[in-house]
Peer 1: 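After the structure tokens below, expect a handful of questions from me.
What you see below is based on every heavy atom in this structure, not just the backbone, and it leaves out hydrogens, waters and symmetry mates. When a residue number appears, it is its place in the shown sequence, counting from 1. Counting convention: from 1, in listed order, for ligands and their atoms alike.
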Amino acid sequence: MSAKPPSVMEPASPKDMRRISRRSFAWAVGAVASTIGIGRWIFTRRQDAGVPWPLRAILGLNENVWTDLFSSKRQAPTYTEARVTAERINGDEGDLLNDIDLSAWKLTLSGAHSKPGPSTTSDLADSADSSDSNDKDLSITLKQIQSLPHVEQITELFCIEGWSIVQRWKGVRFRDFAAKYPPPNADGSPPDVLNHPENLVSYVAMETPDGGYYVGLDMQSALHPQTLLCWEMNGKPLTQEHGAPLRLVIPVKYGVKNIKRIGTITYTADKPKDYWAEQGYDWYAGL
Ligand SMILES: Nc1nc2c(c(=O)[nH]1)N[C@H]1C(S)=C(S)[C@@H](COP(=O)(O)O)O[C@H]1N2
Ligand SMILES: [Mo]
């Protein structure tokens, strides 16, 4: 059992809570959100999430507010096809203006728990010794990634420069990728990505093949159900300016975290370096 988070408001009785008006409720939610530095996104999106979890947050009854705030109930808005805007290219760090040989591209996965999670009988046989972890990098082809269950979603990408675009993306949920190629648990015990993400190491680092652009992500945001590894944008394979062959789409973060042309993914217990954080922007860059 972890300790209760420090309470920022006097706890109210359940009877009191029922009397709290919508407005004071919203204010209280804002107070909690800004106190813990989560900001605008939580505040403006909360109504979508239904009532129970903010009540828990305000009352401080939930033992893990952090996890709750980033639970799958926190969804970025999705849009219909009619709302898709013109494409816009921004940022070419990581040598995006120069071609790479897409047919030779492989994703390097570093820091994964020894073996891919079982999803077939042959994998099951393979993973008999999966309790010992090793430091070997995995090399994963685009085909292997595309063979995972994929989804399409239309979401908004906000650039820190102040503009945004709505695009349709196709890819695999990072959480499904992580279930197949699991991060290790912080204490070395066997990971259970979907049921016990809180035991995993805390961060994911991603960088371009040349190392010229790199982002650090907290594990909660990486495992958010709208965080995708994408290979298609608006019904077409990614162009190289948009990050072919594989990019991150993470609508709970600003554009800077949506790294294009991923070369390496690393699971790590240490807070990863981040290109724009080094330029003075907030490391989390959450919306
Ligand atoms: N490799 C790489 N990825 C990147 C960038 C970059 O410079 N290099 N810029 C980021 C920024 S600031 C934004 S706003 C988005 C823009 O994505 P888009 O060009 O597909 O619209 O990509 C992000 N990913
Ligand atoms: Mo951006």
Side-chain angles (χ1 to χ4, degrees), residues 39-41 76-79 81 83-102 104-110 140 142 145 150-174 177 203-218 221-222 224 226-266 272-287:
R40 183 171 69 87
W41 187 82
T78 56
Y79 298 92
E81 188 68 42
R83 298 285 301 279
V84 170
T85 63
E87 293 179 12
R88 185 164 175 164
I89 296 166
N90 199 55
D92 54 26
E93 302 300 329
D95 207 25
L96 293 191
L97 299 184
N98 282 317
D99 288 320
I100 51 167
D101 180 358
L102 295 182
W105 178 93
K106 281 185 182 170
L107 176 70
T108 302
L109 179 63
S110 195
I140 304 170
L142 189 60
I145 295 168
H150 56 256
V151 295
E152 290 201 48
Q153 84 190 8
I154 302 177
T155 49
E156 192 162 13
L157 180 145
F158 292 87
C159 180
I160 47 178
E161 293 166 353
W163 49 267
S164 73
I165 45 173
V166 174
Q167 306 288 301
R168 178 157 58 101
W169 302 103
K170 178 167 160 182
V172 54
R173 288 192 172 104
F174 186 79
F177 172 86
Y203 300 103
V204 181
M206 298 190 186
E207 59 182 74
T208 52
D210 71 338
Y213 195 78
Y214 39 92
V215 300
L217 303 163
D218 53 286
S221 300
H224 186 284
Q226 290 174 307
T227 300
L228 310 181
L229 294 173
C230 289
W231 55 85
E232 234 184 72
M233 175 178 170
N234 299 326
K236 289 164 292 173
L238 284 178
T239 60
Q240 71 171 28
E241 294 89 346
H242 286 299
L246 193 72
R247 74 170 296 169
L248 187 69
V249 168
I250 180 163
V252 298
K253 301 283 187 188
Y254 274 100
V256 287
K257 295 288 191 184
N258 292 240
I259 181 174
K260 301 183 278 191
R261 190 191 276 177
I262 302 169
T264 304
I265 296 179
T266 304
K273 63 178 182 172
D274 184 273
Y275 185 91
W276 283 105
E278 287 170 5
Q279 308 303 313
Y281 288 92
D282 175 50
W283 189 90
Y284 285 92
L287 277 155

Peer 1: Is the backbone N or O of T85 less than 3.5 Å from a side-chain atom of Q167, with the two atoms forming a donor-acceptor pair by type?
Peer 2: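 Answer holds: yes.
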Peer 1: Think K257 forms a cation-pi with W283, using NZ or CZ under 6.0 Å from the six-ring centre and within 45 degrees of its axis?
Peer 2: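 Yes; both conditions hold, so K257 lies above the ring face of W283.
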Peer 1: Got a sec, which residues hit ring-ring contact (aromatic ring centres under 6.0 Å, His included) with F177, two or more places apart in sequence or on another chain?
Peer 2: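 For F177, the residues satisfying ring-ring contact (aromatic ring centres under 6.0 Å, His included) (neighbours in sequence not counted) are F174, Y181.
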Peer 1: So if I only count non-hydrogen atoms and take anything under 4.0 Å from ligand 1, which residues does that give, chain by chain?
Peer 2: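 The 4.0 Å shell around ligand 1 contains R88, I89, N90, G91, D92, E93, L96, L157, C159, I165, T208, Y213, H242, R247, G255, V256, N258, I259, K260.
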Peer 1: Has W169 got a side-chain atom pairing as donor or acceptor with L248's backbone, closer than 3.5 angstrom?
Peer 2: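 Judged by distance alone, no pair lies under 3.5 Å.
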Peer 1: Which pairs with one or both residues in residues 164-174 pass salt bridge (Lys or Arg N to Asp or Glu O under 4.0 Å), sequence neighbours excluded?
Peer 2: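 Checked against salt bridge (Lys or Arg N to Asp or Glu O under 4.0 Å) - neighbours excluded - the pairs reaching residues 164-174 are E81-R168, E152-R168, K170-E232.
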Peer 1: Mind checking ring-ring contact (aromatic ring centres under 6.0 Å, His included) for H150 and listing every partner two or more places apart, or none if nothing turns up?
Peer 2: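 H150 satisfies ring-ring contact (aromatic ring centres under 6.0 Å, His included) with W231 once adjacent residues are dropped.
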